[in-house]
Amino acid sequence: MTNTIVSYGQEPEVKIRQSASTAITVAYGDGIGPEIMKATLKVLEAAGARLDIEEISIGESVYLSGNTSGIGQEAWDSLRRTRVFLKAPITTPQGGGYKSLNVTTRKVLGLFANVRPCVSYYPYVSTKHPVMDVVIVRENEEDLYAGIEHQQTDEVIQCLKLISRPGTERIIRYAFEYAKVYGRKKVTCFTKDNIMKMTDGLFHKVFDEVGTEYPEIEKEHCIVDIGAARLAETPEAFDVIVMPNLYGDILSDVAAQITGSVGLGGSANIGDGFAMFEAIHGSAPDLAGKGKANPSGLLLAAVQMLVHIKQADIAEKIHNAWLRTMEDGIHTADIYDAGVSKARVGTQEFADSVIDRLGLKPENLPAVDYSKGNKSINVTITPTKQAVKELVGVDVFLHFSERDPEQLAAKLAGIESAGMRLKMITNRGTKVWPNGFPETFCTDHWRCRFTNDPQQGVSYQAVVDLLQRIHNRSLEVIKTENLYLMDGKQTFSAGQGQ
Ligand code: NAD
């Protein structure tokens, strides 16, 4: 038996040491975090999990000590050593420029896939959706979560939505491989590519391309709004759903909630050589310290972790004991229903009830079988093909406080560089010049498109000269976007109404 434990900050409450154990990093988190982590580790220990735990302090206390990332160097060092992270939810203090620790951890460690199984346990847990077994595979690093935001004018703030081909291919392949490995029948993709034709359009296109390699799996694409409505109404129609980051974040909470409680959902964040396991829910400050929180989300995340570190036997034992506890009606307050529940228990009592059932299987709910051990999912991405890129113009964004596009066009009249002339002005994406509608509301944030006619290549120096001329007319350039043809194809969107 080894007894090494590395502790940063808090004293460990539960110590699990066995021979041939796997080192993992554990954070107790904030709010209900310490209560549900203690309960989870107690079950893991009783089940014989072979773990060497390194504890780290992250979250609120670290933020409030002046570290705006909420995580210190020692914690990163531990994560680099163990490469497996069991994390309780944390509280991000409001305001003050604090960056989300969850987003940072996922991105810094390259945890590209967020896997969130959402299952109904009817009739033992009350739900409007008795038949539901959906796995949401959420892209975890890109989209609006790049966190690149700028206030550009008095009136307008921008958040960049970044979707990359390799990032998309990786998550789509992961979703199909997950479906294949776990015997799932269908993969659905949600996007909003009727509006975001280039970013979400790429996600949809890669889904169609990669999908052809999986003829045995049914494929489906839904626009996210109607897809979300269908998910909330008829979740039984879905199997695996793959989504860009923001839609996946929102809809996995919806999916977990409609199984009976957000407190039931666990999630795995998977990357190349790193993995983080956590509950779907947050730190629930309203329940903190009351001993009432449901530890199931974190416990089921720990089950995912045990499968990942090849302790599938222990994972199976815990998961089946947990299912039996559900079946026996031993429920925390969030899922307690006098009609079906037998006992309303607190967090630690719930953990003890699971421990009492270790070795038992559910009698009616389907038992889990992890006997095939860790079903590894490896994805490789296609090398990027470099296109022939030709600069053909520039979108110049200006801060101009008069709300009149004609006045702005007059100020830009006659400005020309290498044949590039003002072709269009948009405001919040809608064309307002030439021939705009007087009804269109305009802010102080304008996009002025300069190209030559017909489109032909220009040098970057010509763009710089153009900007100098605009600057000389006392107009404030807030940013530019180059306009390219790539392999001869236009790679920028038209103005709304153009
Ligand atoms: P939340 O998920 O903490 O709580 C939402 C609701 O669900 C509350 O009514 C809460 O009581 C209930 N709930 C959540 N977990 C439960 C459980 N295990 N058992 C019973 N009921 C449970 O969401 P929130 O209130 O929006 O956020 C609170 C804090 O958590 C915020 O600071 C937020 O930034 C943070 N947060 C952290 C994570 C994370 O660390 N992964 C995720 C989401 C939110």
Side-chain angles (χ1 to χ4, degrees), residues 26-40 43 56-64 68-71 75 85-107 109 111 114-116 118 125-126 136 138 140 145 147 245-246 248-269 275-302 304 322 325-326 330-337 341 344-351 354:
V26 163
Y28 276 77
D30 301 315
I32 58 169
E35 301 159 49
I36 59 172
M37 182 59 85
K38 186 176 161 202
T40 296
V43 176
I56 57 170
S57 281
I58 56 168
E60 202 169 18
S61 59
V62 181
Y63 281 119
L64 298 177
T68 52
S69 66
I71 177 165
F85 189 13
L86 181 63
K87 177 185 153 296
I90 56 128
T91 301
T92 310
Q94 296 289 312
Y98 301 113
K99 293 298 277 186
S100 161
L101 168 60
N102 298 314
V103 176
T104 303
T105 314
R106 289 172 192 149
K107 290 173 69 161
L109 301 181
L111 308 175
N114 191 327
V115 182
R116 298 181 160 189
C118 300
V125 177
S126 299
I136 293 187
R138 161 189 170 195
N140 224 9
Y145 290 63
N245 205 340
L246 179 64
D249 191 4
I250 297 167
L251 293 181
S252 56
D253 267 36
V254 172
Q257 182 70 35
I258 64 176
T259 65
S261 166
V262 74
L264 293 172
S267 81
N269 297 267
M276 174 169 84
F277 302 86
E278 59 184 344
I280 287 181
H281 59 78
S283 57
D286 53 325
L287 290 181
K290 295 186 177 155
K292 289 185 180 168
N294 189 344
S296 298
L298 188 60
L299 185 63
L300 293 178
Q304 289 179 286
W322 179 84
T325 312
M326 287 291 110
I330 315 294
H331 294 164
T332 43
D334 55 318
I335 55 170
Y336 183 85
D337 176 340
S341 305
R344 186 202 298 255
V345 294
T347 311
Q348 305 311 321
E349 217 180 331
F350 180 83
V354 176

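First listed ligand is number 1; within each ligand, the first listed atom is number 1. One is the number of the first residue; the rest follow in order along the sequence.
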- Just checking, any donor-acceptor pair under 3.5 angstrom between side chains of Lys87 and Asn102? yes

- Task: Identify, with sequence neighbours excluded, every residue that meets ring-ring contact (aromatic ring centres under 6.0 Å, His included) alongside Tyr63.
- Result: Tyr98

- Do Tyr145 and Asn140 have side-chain N/O donor and acceptor atoms under 3.5 Å apart? no

- Among all residues two or more places apart in sequence or in another chain, which pass the side chain to side chain contact (heavy atoms under 4.5 Å, CB included) test with Ala39? Pro295, Thr347, Gln348, Ala351

- Query: Mind checking what makes salt bridge (charged side-chain N to carboxylate O under 4.0 Å, His left out) contact with Arg106, not counting sequence neighbours?
  - Reply: Glu278

- Query: Which residue, Val115, Asn245, Ile250, forms the side chain to side chain contact (heavy atoms under 4.5 Å, CB included) with Arg138?
  - Reply: Asn245

- Note on the structure: Per the under 4.0 Å non-hydrogen criterion, ligand 1 touches Ile32, Lys87, Pro89, Ile90, Thr91, Thr92, Asn102, Val262, Gly263, Glu278, His281, Gly282, Ser283, Ala284, Pro285, Asp286, Leu287, Ala293, Asn294, Asp334

